[in-house]
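Position 1 is the first residue of the sequence, and the numbers go up from there.
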Amino acid sequence: MFKQRLISGVILVILALIFIIHGGYLLLAVLGIISLIGMYEFYRVFKIEKTVGIAGYAAAVFYYLNLALGFLPDIMALIMGLLIVCMCFFVFGYPRFGANQILAAFFGFFYVAVMLSCIYLTRSLDGGRYLVWLIFLCSWGCDTCAYCVGMLFGKHKMSPKLSPKKSVEGAFGGVIGAALLTILYGFIFRGYMGEDIPYIFMMAGICAAGALLSMVGDLAASAIKRNYEIKDYGKLIPGHGGILDRFDSVIFTAPVIYFLSLYVICGNM
């Protein structure tokens, strides 16, 4: 299992490097595909992947096309439209669908498609080719550091009922580790970024904040699985599970890094 997980992880990192370094429409298209797969996994939990979920898929496709082409000036029209369509399914299909299924269809669009799109939005910022990596440093980096520190020093359970293996010590290690990895990353690429030392420490602070939220994202995905008594969202990635199993923390860190980069870093450039 470890070997399989390691190989899959290496392949994921290589693919991430290729798509994110390239950026542009290629990255947007890949994120769109990942979002649709993730939404399918999420909707399958609520048994709406082939019914109400269709409205969510359509909204996701429309949303990503709009990011590329910009034909809809106010995204609120799409949000309202999705809500109305979901409620039409509820009303005209009654009592086939429960209220929780309708809410899941609406929620899944934001939870997966919109939040993952922040990877592309971050990459599109000034200096985004470097800032976008903070998303993965504070999600996958935090996860790795938290695991190592938790294994060595973990004594106090962070959430015993939800995730018995996660510890408070591991959480601190994950946040600090993510910040230190960002500082190392900043100094390695400082010459390419053309930024001073305070900028690097600002990046580290943002990454630490993202790391805190990445653990919430991980636990939130686990909570949904526990509520519906499933082990993994899917089997697409050997050793890791589905898209949501691997990207659960990224889903939370992507918007955090995007907005903090937009208003804290880019606002001071």
Side-chain angles (χ1 to χ4, degrees), residues 5 9 12-13 16 20 31 34-46 56 60 103-104 106-123 131-150 157-168 170-179 181-182 205-228 230-234 236-237 240-262:
R5 186 179 177 86
L12 279 175
V13 170
I20 294 175
L31 287 172
I34 290 174
S35 294
L36 289 173
I37 297 171
M39 289 173 71
Y40 177 83
E41 292 174 352
F42 182 78
Y43 288 156
R44 189 167 53 189
V45 175
F46 297 88
L103 292 173
F106 188 66
F107 172 75
F109 165 69
F110 293 94
Y111 178 56
V112 184
V114 175
M115 294 180 82
L116 276 179
S117 73
C118 289
I119 296 175
Y120 168 78
L121 295 174
T122 305
R123 178 64 176 81
L131 293 172
V132 69
W133 297 106
L134 300 186
I135 294 171
F136 300 95
L137 284 171
C138 69
S139 53
W140 295 348
C142 173
D143 185 50
T144 302
C145 293
Y147 175 79
C148 294
V149 173
K157 302 299 181 183
M158 185 169 66
S159 182
K161 292 183 179 180
L162 186 55
S163 187
K165 294 183 179 180
K166 295 186 185 300
S167 65
V168 175
F172 275 107
V175 173
I176 295 170
L181 285 172
T182 304
I206 286 174
C207 203
L212 284 170
L213 268 295
S214 76
M215 290 181 281
V216 176
D218 187 6
L219 291 171
S222 297
I224 294 172
K225 288 190 288 187
R226 285 187 179 276
N227 276 172
Y228 288 86
I230 59 172
K231 185 179 184 296
D232 294 315
Y233 283 102
L236 182 65
I237 309 172
H240 292 268
I243 289 294
L244 293 184
D245 296 296
R246 182 64 276 180
F247 287 85
D248 50 7
S249 57
V250 174
I251 285 172
F252 268 57
T253 58
V256 172
I257 297 301
Y258 169 64
F259 285 109
L260 286 178
S261 297
L262 178 64

Residues A208 and A179: closest non-hydrogen pair is CB-CB, 4.3 Å

To the nearest 0.5 Å, tell me how far I20 CD1 sits from F136 CZ. 3.5 Å

Non-hydrogen atoms of K225 and D232 that approach each other most closely: CD-CA, 4.1 Å

Can you check whether V45 reaches E41 side chain to side chain, under 4.5 Å on heavy atoms? no

How many angstroms lie between CE in M158 and CE in M215, if you round to the nearest 0.5 Å? 6.0 Å

Between atom NZ of K166 and atom OH of Y147, what is the distance when rounded to the nearest 0.5 Å? 11.0 Å

About how many Å separate CG of L121 and OH of Y258, when rounded to the nearest 0.5 Å? 5.0 Å

In Å, rounded to the nearest 0.5 Å, how long is the span from CD1 of I230 to CG of D245? 7.5 Å

Please report the shortest heavy-atom distance between M39 and G108, naming the atom on each side. CG-O, 4.0 Å

Where is the tightest heavy-atom contact between C145 and L181, given as atom of each residue plus distance? SG-CD1, 4.0 Å

Please set out all donor-acceptor pairs under 3.5 angstrom arising from side-chain atoms of residues 248-255, sequence neighbours excluded.
{"from": "T253", "atom 1": "OG1", "to": "I135", "atom 2": "O", "distance (Å)": "3.4"}
{"from": "T253", "atom 1": "OG1", "to": "S249", "atom 2": "O", "distance (Å)": "3.3"}
{"from": "T253", "atom 1": "OG1", "to": "V250", "atom 2": "O", "distance (Å)": "3.2"}

Measure the shortest side-chain to side-chain distance between L236 and R246 over non-hydrogen atoms and say whether it is less than 4.5 angstrom. no

Could you tell me if the side chain of N227 sits less than 4.5 Å from the side chain of I224, heavy atoms only? no

Minimum heavy-atom separation for L244 to G38, with atom names? CD1-O, 3.5 Å

Check the angle between the aromatic planes of F46 and F42 and answer parallel, tilted or perpendicular using the 30° and 60° thresholds. tilted

Within-4.5 Å side-chain heavy-atom neighbours: Y233 and Y40: no

For a quick test of reading the model, state the closest non-hydrogen atom pair linking I257 to C207 and the distance between them. CD1-CA, 4.4 Å

With rounding to the nearest 0.5 angstrom, report the SG to CG distance, C142 to L212. 7.5 Å

Side chains of F247 and I243: closer than 4.5 Å at any heavy-atom pair? yes

